[in-house]
Amino acid sequence: MAADDRVGAGQRRVLTRESPTATLTRLQSGVGTLIVDAAISAEVGDVTLGCAYELTTGETSTVQVVATGAGSTAGQPVGTSGAAPVGRPVGPAGSRRPVLVAGHDRFERVSVDLRQCRRLSRMVCFVHSRSRQAITWGGSLIVSTIGGTRVEVPLDGRTPGAVAVPLSIYQVDGELVLRCETQGVPGTVRDSCRAFGFDRISWLDDRTPID
């Protein structure tokens, strides 16, 4: 790991093909909440955020933000459109203290409870079209943690498609390593998860796992 992979407190780093990784310190990886926001305009398309995860216990599945009818918040704030992105809100499923939570603030987001950082082995973040239409990608994933540290992964210039996998996160001895993923994966959410080694997830359909 190169010294310049580190992201200092309050610093902003943009991950690119030429500079694809950033490593958070144990403090940044272990205090508070790691937030991944999908800063994507509605003009890009009907895009939603999710992630596949694997815990150190071997549990693996996905959490996703899924739009439902207005007023059905399931404990999550209602978005400005009136739809409530809920659906598969926690990981692992049924946990009273979830490691990951999918929800909505200004943008759709996945939050990681850093008190449980060492329970997380790895995760990949994906964005996909609800209507399964090819998207010309724009916007960014924005990762933020303690002390104002911010890491961005731009979506511009990626191969158009129904699914993109811009970011992976690995836990290495209590530190989180963020990587910009640039290889396009054609197909569905299920195809993308399998391409990144999440082959122990059983699927109800091409985007819904069976827990």
Side-chain angles (χ1 to χ4, degrees), residues 13-17 20-22 34-54 60-68 76-77 79-81 83-91 100-112 120 122-145 150-170 176 178-198 201 203 205-209:
R13 175 78 58 82
V14 178
L15 301 185
T16 64
R17 185 184 299 271
T21 63
L34 182 89
I35 295 174
V36 181
D37 279 319
I40 303 172
S41 167
E43 294 181 0
V44 171
D46 60 339
V47 175
T48 192
L49 172 67
C51 77
Y53 66 87
E54 180 179 0
T60 183
S61 189
T62 73
V63 293
Q64 301 181 48
V65 182
V66 180
T68 63
Q76 303 292 343
T80 56
S81 66
V86 288
R88 304 179 49 75
V90 302
L100 302 99
V101 177
H104 194 287
D105 195 337
R106 179 184 178 190
F107 303 113
E108 292 190 356
R109 66 171 39 173
V110 171
S111 303
V112 181
L120 179 68
R122 64 189 180 111
M123 58 186 278
V124 296
C125 296
F126 54 81
V127 287
H128 65 97
S129 165
R130 292 190 179 98
S131 60
R132 296 178 169 83
Q133 301 299 308
I135 298 291
T136 299
W137 298 105
S140 297
L141 293 190
I142 300 174
V143 182
S144 55
T145 186
R150 173 172 165 145
V151 178
E152 299 180 14
V153 182
L155 301 179
D156 307 74
R158 293 175 183 273
T159 303
V163 185
V165 184
L167 174 69
S168 61
I169 301 176
Y170 295 85
L176 296 179
L178 283 57
R179 178 177 176 82
C180 171
E181 302 292 348
T182 57
Q183 181 177 356
V185 181
T188 65
V189 169
R190 176 175 54 195
D191 295 331
S192 297
C193 290
R194 287 176 174 172
F196 278 83
F198 291 92
I201 299 175
W203 297 86
D205 55 37
D206 64 3
R207 63 175 61 176
T208 311

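When all heavy atoms are compared, the tightest approach of Leu155 to Gly138 is CD1-O, 3.6 Å. Smallest separation of non-hydrogen atoms from Cys193 and Ala52: SG-CB, 3.7 Å. In terms of heavy atoms, Leu15 sits closest to Ala22 at CD2-CB, 3.9 Å. Of all heavy-atom pairs between Arg130 and Val47, the closest is NH1-O, 3.9 Å. Pro209 and Thr62 get closest at one heavy-atom pair: CG-OG1, 3.3 Å. In terms of heavy-atom proximity, Val165 sits nearest to Arg158 at O-NH1, 4.1 Å.
You'll find the side chain of Val124 stays beyond 4.5 Å of the side chain of Glu181, heavy atoms only. Side-chain contact between Val185 and Val163 is absent, with no heavy-atom pair separated by less than 4.5 Å. Between Leu141 and Leu49, some side-chain heavy-atom pair lies under the 4.5 Å cut-off. Put simply, the side chain of Ile142 reaches to within 4.5 Å of the side chain of Arg150, judged on heavy atoms. A 4.5 Å side-chain heavy-atom check between Ile135 and Val127 finds every atom pair outside the cut-off. Within the 4.5 Å cutoff, the side chain of Val36 has no heavy atoms near those of the Cys51 side chain.
Both the sub-6.0 Å distance and the 45° axial angle are not jointly satisfied by Arg207 relative to the ring of Phe126.
Here the CD atom belonging to Gln183 is positioned 7.0 Å from the CZ atom belonging to Phe196, to the nearest 0.5 angstrom. Tyr53 contributes atom OH, which lies 8.0 Å from atom CD1 of Ile201 (distance to the nearest 0.5 angstrom). One finds the CD atom of Glu152 at 12.0 Å from the OG1 atom of Thr16 (value rounded to the nearest 0.5 Å). The structure places CG of Leu167 at 8.0 Å from SG of Cys180, a figure rounded to the nearest 0.5 Å.
Among pairs with a residue in residues 134-145, none fulfils side-chain hydrogen bond (donor to acceptor under 3.5 Å, both in side chains), at least two apart in sequence or across chains. Counting only residues at least two apart or in different chains, side-chain hydrogen bond (donor to acceptor under 3.5 Å, both in side chains) contacts with residues 184-196 comprise Thr188-Asp191.
The closest donor-acceptor contact from the side chain of Thr21 to the backbone of Leu178 lies at 3.5 Å or more, if one exists at all.
A donor atom on one side chain and an acceptor atom on the other are found under 3.5 Å apart for Glu108 and Thr48.
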